[in-house]
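What follows is a single structure, written as structure tokens, with notes after it.
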Amino acid sequence: MDITTTISALLTLAVFSFLYGDNPVYKFAERLLVGLAVGYALVINWQQTIIDRLYTPLFIDGRLALVVALVLGLLMFSRFKRSWAWLSGIPLAAMIGAGAGAALPAMLEARIFKQLSATVAVFHDASGAFEMFSAIVLLVGFVTTLGYFYFGVHRSNALAVSSKIGSYFLMIFFGATFGYTVMSRMSILIGRLDFLMRDWLGVIG
Amino acid sequence: MRKFLPISVSFVFGVLMFALWFEDSESRSMLHFTLIDYWQIIFAFGLLVGVVSFISVASRKISRGEEPFYNGVLIFGALLMPTLAMIDGLQPNSYFQWMFENVQAPMQSSVFALLAFFVASAAFRGFRARNAQSIILLLVALIVIIGRAPMGEFVWGGFDELIQWIRDFPSTSAKRAVLIGIGLGSVTTSLRVIFGVERTYLGER
Amino acid sequence: MDSLITILATIVAGLVTFWTARLIHRGRKYHLREIAGIKALEDAVGRAAEMGRPILYTPGYGGDIQRPTTIASMNILSVVAEKTAEYNCELIYPTHDPIIMATAQEVVRESYSRVGKIDRFNPDNIYYVSSSQFGYAAGVEGEIVRKKPASIFLLGTFEAESLILAESGAAVGAVQIAGTDSTIQLAFFLIACDYTLFGEELFAASGYLSGNEATLASVWAQDIMRILCVSFVALGILSALFFPESSWWKL
Amino acid sequence: MSDTQTRRAQKTRRLIFSGVFLSITIGLLLPFQPEVTPSVGTKSMFSFIENIKPGSTILISFDHESASFPEMKPLAIAVVSHLLKRDVKIIAISLFPEGAGLGASLLRRLGEENKKTYGTDFVFLGFKPEPRATILGMGKSFSFVFPFDFYGTKTSDLPIMSADRYSDVVGVITIADGSYPSHWIEYGAAKYELIVLSALAASMVTSYDPYVTSGQLHSILGGLRGAAEYESLLNVDGGGSRAMLAQTAAHIFIVLILIVGNISYLRSRKKKV
């Protein structure tokens with residue numbers, strides 16, 4: 001039971017104390033955690049992006065194209081002065097524009113085309129009655145769930161029925177996801193309790 | 001000017017990133033490098049802005065006499081990490097890494113572990129067989145929770161196959177429709193951003 | 001070949017989006033079907049005003065400003081902010097992303113000035129918590145437990161923190177309205193919140209509430225594109241079944 | 001809610017919390033490990049790594065935060081030690097700042113245990129912000145996005161970095177607790193035909209199923225149970241296997257809660273009728 005393990009263990013207990021109710025110990029742990037997390041992200045970002053990707057290439061290797069990045073980056077700080085704040089819209093626009101431009105083809109190819117083709121492929125590859133049945137389940141679920149997210153007013157009954165069936169398929173997906181998520185969350189707690197009992201208290205070996 | 005400049009910047013960045021998607025993957029065009037540089041560096045500056053505002057909000061609270069101790073902990077945490085990094089860097093076994101591995105990380109996973117408790121209490125309160133939808137949700141969740149428990153095979157040998165089938169067909173069909181829906185949403189949003197119709201990020205509605 | 005299809009699809013998507021926008025702009029009505037959460041959204045603000053307790057609004061850990069859900073959430077925020085300004089109700093908005101923080105400050109400031117209450121706008125209430133998931137979760141959780149908001153809006157892209165927030169909200173008796181495209185969290189919101197907007201319902205709700213023409217037009221455009229997707233699959237399956245050699249559907 | 005109601009709800013909450021705590025504690029204390037049979041996803045990941053030619057290079061991305069370390073660590077250890085035993089070289093990065101701290105120490109430790117040389121057999125490049133930009137940029141050149149490794153050494157000086165783009169590696173394994181694998185699929189696989197494999201938190205598994213059936217994601221190794229399955233294929237005892245009894249106990253408790261909750265709900269509904 002060394003001092004390092006004890007510190008980690010006490011902090012773990014401080015967080016768990018929230019289960020009993022909000023209290024000063026938890027409040028302290030919470031603020032410390034938030035502060036450290038901000039500081040950690042700051043350090044990693046500073047070293048690995050501002051220094052490695054901007055400072056060194058620009059001021060040591062002389063890649064002048066990065067002057068623009070520096071200016072755009074500094075413009076972000078204009079937010080702190082009300083009358084200049086609009087300037088921070090420019091770097092924001094650059095980032096958002098770049099993201100949108102890259103997302104367009106990526107979404108079309110990876111999310112839409114490939115997923116549509118895969119739905120057809122199940123029918124193409126199906127052999128035997130059971131596989132065909134599964135393929136039909138897939139198709140019905142796919143089409144009715146798309147129908148669920150159709151927002152125009154439902155002028156026909158067919159659409160209303162389809163959206164109802166779609167909601168059942170969504171529930172199957174949510175149910176499966178819930179089950180797997182329970183697994184996941186329990187694993188995390190097991191890890192923490194394992195740490196407390198094995199590494200700290202040494203009651204399991 | 002205040003709207004025109006950001007909108008044209010986002011148009012230029014958007015169109016360029018879109019076009020560069022189709023460039024041969026073996027090419028190492030300088031333009032692509034530069035755009036990605038700008039994108040990442042601006043983002044890093046954005047984080048700096050966040051940290052500055054984080055610290056100034058907390059210190060304003062202290063000067064107003066709002067919980068000076070806890071807000072002090074917040075600032076202390078945020079400044080501690082950079083200080084440690086300045087003393088002996090990010091090497092393994094540095095103070096910075098020690099603080100991260102033994103204080104920050106255990107607290108983070110302890111907060112995460114709280115979820116195991118919350119999952120249980122939410123399941124008890126909310127997971128009720130109210131109507132057809134919630135019965136489906138409940139049944140599928142039960143199948144997964146029992147079947148994927150490490151000893152689930154003893155209950156019934158067919159769980160593995162059943163769960164795999166649910167995942168591959170009904171659950172996938174719904175998730176696929178959702179994926180495509182989000183994909184379409186991203187496509188239209190990206191188009192609106194590039195062509196300057198979407199200006200929410202400039203504070204417009 | 002692949003690139004050609006992508007470019008073509010982009011053009012089609014563009015045409016549909018701008019066509020619907022044009023129709024709406026010319027006064028053509030697009031009727032949205034009813035979405036249960038919308039009414040609840042309006043009531044929740046009133047409830048907070050009556051109780052004299054604050055409203056907490058947070059966009060979740062998973063989003064960035066480009067995500068359609070974040071943008072939809074911003075649109076709804078502008079409506080909620082107008083209401084809180086009218087009712088003199090405190091609005092707290094913690095976020096994990098400094099860019100979202102900056103944007104939200106602009107949005108709320110505009111809303112307050114639209115109803116002539118700019119003097120009541122406090123930028124410190126819209127703040128950056130931490131870019132780390134459970135730093136953010138712990139921070140918001142603490143805020144919920146201590147400020148005991150009357151209503152909580154969880155609208156945006158959420159990850160594992162969703163249930164921590166929703167359970168803390170339930171424990172202080174807040175009315176909670178959730179809306180997200182993160183399908184994993186939907187299961188939890190469904191059982192822990194009072195109203196839940198599924199995926200694109202959030203998007204439609206934002207168009208409806210803000211009355212933003214462009215948003216409504218894209219909801220409509222997506223409806224049309226969904227029909228195109230289904231037609232593609234139908235044709236593809238027919239050709240795969242009757243002409244097994246065909247491969248045009250392999251995109 | 002009236003006061004008595006609130007107090008009763010509070011009491012039930014605490015009762016449930018104690019139940020969760022007790023079931024897991026008992027599961028951890030009992031000296032017994034249940035056997036697990038490997039599932040489809042686990043076997044697919046295992047055989048992919050078994051079939052990599054020794055001496056090839058693979059990319060690993062630690063796309064998770066420290067919070068989910070208890071679930072990700074056994075997964076990461078199982079996969080990384082398998083790769084090192086098969087003499088596969090590892091270039092590792094992280095799309096999360098916190099993943100960087102974790103990846104760095106884990107890789108160091110496993111590298112030393114397997115007597116591998118840093119810079120030749122494995123390297124840790126660290127973190128860069130904006131996952132999409134990082135993935136797109138690495139498609140051009142790894143050393144462009146990461147001019148220095150995590151410890152500040154110039155990457156072009158390291159022998160392992162002769163692999164500098166996606167076509168030089170057999171694929172990427174993303175060890176993730178959230179939505180980042182979709183970036184690898186949408187930007188890495190779609191544009192650069194990178195093979196993507198994943199070791200995921202169990203909660204993410206169902207969300208990525210559509211990508212497996214469409215062939216965009218090679219395999220999913222999921223959750224602590226996935227780690228235990230992998231350990232059984234490797235014939236080692238690890239954090240996954242050790243947790244399996246506690247995992248079972250926790251699942252039994254949740255099932256009980258769901259049943260009790262629904263019985264009391266049905267009874268209260270009958271009363272009202």
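Remember, it's a predicted structure, so these values are computed and weren't measured experimentally. First the proteins, then the strands, lettered A, B, ... as listed; each starts at 1.
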Quiz item: Would the number of heavy atoms belonging to other residues, nucleotides or ligands and lying under 6.0 Å from OH of Tyr70(B) be above 12?
Solution: yes

Quiz item: Do you know which of Ile42(B), Ile7(B), Ile55(B), Val9(B) has the most heavy-atom pairs with chain A at a distance under 4.5 angstrom?
Solution: Ile42(B)

Practice problem: Counting only heavy atoms closer than 4.5 Å, note whether Met95(A) contacts chain B via side chain, backbone, both or neither. | Solution: both

Self-check item: Within 6.0 angstrom of Trp46(A) CH2, more than 12 heavy atoms from elsewhere
Solution: no

Practice problem: Using non-hydrogen atoms and a 4.5 Å limit, figure out which bit of Ser88(A) sits close to chain B: side chain, backbone, both or neither. | Solution: neither

Quiz item: What distance do Met81(B) atom CE and Leu36(A) atom CG have between them, rounded to the nearest 0.5 Å?
Solution: 5.5 Å

Quiz prompt | Where Arg53(A) and Ile41(B) come nearest, the two heavy atoms and their spacing | solution = O-CD1, 3.8 Å

Exercise. Find the one option among Leu179(B), Ile75(B), Leu138(B) whose heavy-atom pairs under 4.5 Å with chain A are most numerous.
Key: Leu179(B)

Quiz item: Taking every heavy-atom pair that is under 4.5 Å apart, which of Pro82(B), Ala113(B), Gly46(B) has the most such pairs with chain A?
Solution: Ala113(B)

Quiz prompt | Heavy-atom closest pair, residues Pro106(B) and Arg192(A) | solution = CB-NH2, 3.3 Å

Practice problem: Step through the shown structure and confirm whether more than 12 heavy atoms of other residues, nucleotides or ligands are within 6.0 Å of OH on Tyr95(B). | Solution: no

Quiz item: For Ser109(B) and Ile188(A), which heavy atoms make the closest approach, and how far apart are they?
Solution: O-CG2, 3.7 Å

Self-check item: chain A contact via Leu80(B) - side chain, backbone, both or neither, heavy atoms under 4.5 Å
Solution: side chain

Practice problem: Output the distance between atom OG1 (Thr188(B)) and atom CE (Met107(A)), rounded to the nearest 0.5 Å. | Solution: 11.0 Å

Quiz item: What part of Val15(A) lies closer than 4.5 angstrom to a heavy atom of chain B: side chain, backbone, both or neither?
Solution: both

Self-check item: Side chain, backbone, both or neither of Gln48(A) within contact of chain B (heavy atoms, under 4.5 Å)
Solution: neither

Practice problem: Mind checking ring pair (Phe, Tyr, Trp, His ring centres under 6.0 Å) for Phe195(A) and listing every partner two or more places apart, or none if nothing turns up? | Solution: none

Exercise. Look at the rings of Tyr40(A) and Phe96(B) and say which category their plane angle falls in: under 30° parallel, 30 to 60° tilted, over 60° perpendicular.
Key: parallel

Quiz prompt | Choice from Leu170(A), Leu92(A), Leu32(A), Thr49(A) maximising heavy atom contacts with chain B below 4.5 Å | solution = Leu32(A)

Quiz item: Looking at Ala65(A), Pro57(A), Ala135(A), Ala41(A), which has the largest count of heavy-atom pairs under 4.5 Å with chain B?
Solution: Ala65(A)

Quiz prompt | Which atoms of Phe174(A) approach chain B - backbone, side chain, both or neither, heavy atom under 4.5 Å | solution = both

Practice problem: Under 4.5 Å heavy-atom distance to chain A, tell me which part of Val193(B) shows up: side chain, backbone, both or neither. | Solution: side chain

Exercise. Check whether more than 12 heavy atoms from other residues, nucleotides or ligands sit under 6.0 Å from atom NZ of Lys3(B), and answer yes or no.
Key: yes

Exercise. Using a cut-off of under 4.5 Å on heavy-atom pairs, state which of Ala132(B), Gly147(B), Ala123(B), Ala174(B) scores highest against chain A.
Key: Ala174(B)

Practice problem: List the atom of Ala176(A), the atom of Val144(B), and the distance in Å for their closest heavy-atom pair. | Solution: CA-CG2, 3.9 Å

Quiz prompt | Heavy-atom closest pair, residues Ala177(B) and Thr145(A) | solution = CB-CB, 3.5 Å

Exercise. Among the options Ala14(A), Ser167(A), Gly179(A), Ser134(A), pick out the one with the most heavy-atom pairs lying under 4.5 Å from chain B.
Key: Ser134(A)

Practice problem: Go through the atoms of Ala44(B) and report whether side chain, backbone, both or neither lie under 4.5 Å from a heavy atom of chain A. | Solution: both

Practice problem: Working to the nearest 0.5 Å, report the span between OG of Ser53(B) and CZ of Phe80(A). | Solution: 5.5 Å

Self-check item: Atom group of Phe169(B) that falls short of 4.5 Å from chain A, counting heavy atoms
Solution: both

Quiz item: How about Trp84(A): does its CH2 atom have over 12 heavy atoms from other parts shown lying under 6.0 Å from it?
Solution: no

Exercise. Please look at Glu109(A) and chain B and tell me whether the side chain, the backbone, both or neither of the residue comes under 4.5 angstrom of a heavy atom of that chain.
Key: side chain

Quiz item: Hey, what do you get for CZ (Phe142(A)) to OG (Ser173(B)), rounding to the nearest 0.5 Å?
Solution: 9.0 Å

Self-check item: Heavy-atom contact with chain B under 4.5 Å, split by part of Pro24(A)
Solution: both

Quiz item: Which heavy atom in Ile136(B) sits nearest to a heavy atom in Ile172(A), and how many Å separate them?
Solution: CG2-CG1, 3.6 Å

Quiz prompt | Contact class of Ala9(A) relative to chain B, heavy atoms under 4.5 angstrom | solution = neither

Quiz item: For the side chain of Ser8(A) and the backbone of Asn102(B), is there at least one donor-acceptor N/O pair under 3.5 Å apart?
Solution: yes

Quiz item: So Phe77(A) and Phe45(B), would you call those rings parallel, tilted or perpendicular, with 30° and 60° as cut-offs?
Solution: perpendicular

Self-check item: Evaluation steps, side chain to side chain contact (heavy atoms under 4.5 Å, CB included), between Ser10(B) and Ile96(A)
Solution: CA-CA 7 Å; Ser10(B) 92; Ile96(A) 293 174; 5.7 Å; no

Quiz prompt | Glu161(B), CD: over 12 other non-hydrogen atoms inside 6.0 angstrom | solution = no

Practice problem: Pick one of side chain, backbone, both or neither for Arg192(B), based on which atoms fall under 4.5 Å of a heavy atom in chain A. | Solution: neither

Quiz prompt | Heavy-atom proximity to chain B below 4.5 Å, by part of Ala118(A) | solution = both

Quiz item: Which distance, rounded to the nearest 0.5 Å, do you find between the CG of Leu115(B) and the CE of Met186(A)?
Solution: 9.5 Å

Practice problem: Please test Ile112(A) against Leu184(B) for side chain to side chain contact (heavy atoms under 4.5 Å, CB included), starting from the C-alpha separation and ending with a verdict. | Solution: CA-CA 8 Å; Ile112(A) 301 177; Leu184(B) 292 175; 3.7 Å; yes

Practice problem: Count the heavy-atom pairs under 4.5 Å between each of Arg63(A), Gln47(A), Glu30(A) and chain B, then report the option with the highest count. | Solution: Arg63(A)

Practice problem: Could you tell me which portion of Ile44(A) (side chain, backbone, both or neither) has an atom closer than 4.5 angstrom to a non-hydrogen atom of chain B? | Solution: side chain

Quiz item: When heavy-atom pairs shorter than 4.5 Å are enumerated against chain A, which of Asp37(B), Thr34(B), Val119(B) gives the highest number?
Solution: Asp37(B)

Quiz item: Between Val38(A), Leu193(A), Leu54(A), Leu42(A), which has the largest tally of heavy atom pairs under 4.5 Å with chain B?
Solution: Val38(A)

Practice problem: Take the angle between the ring planes of Phe127(B) and Phe178(A) and call it parallel below 30°, perpendicular above 60°, tilted in between. | Solution: perpendicular

Practice problem: Find the distance between CZ (Phe69(B)) and CZ (Arg31(A)) and round it off to the nearest 0.5 Å. | Solution: 10.5 Å

Exercise. Just give me the residue among Pro105(A), Ala103(A), Gly191(A) that pairs up with chain B most often, heavy atom to heavy atom, under 4.5 Å.
Key: Pro105(A)

Exercise. Sort Val143(A) into side chain, backbone, both or neither according to what part of it lies under 4.5 angstrom from a heavy atom of chain B.
Key: neither

Quiz item: By number, which residues in residues 123-131 of chain A have some heavy atom less than 4.5 Å away from chain B?
Solution: Phe130(A)

Quiz item: Pick from Thr83(B), Leu191(B), Asn71(B), Leu48(B): which one has the most heavy-atom pairs with chain A under 4.5 Å?
Solution: Leu48(B)

Exercise. Sort Trp21(B) into side chain, backbone, both or neither according to what part of it lies under 4.5 angstrom from a heavy atom of chain A.
Key: side chain

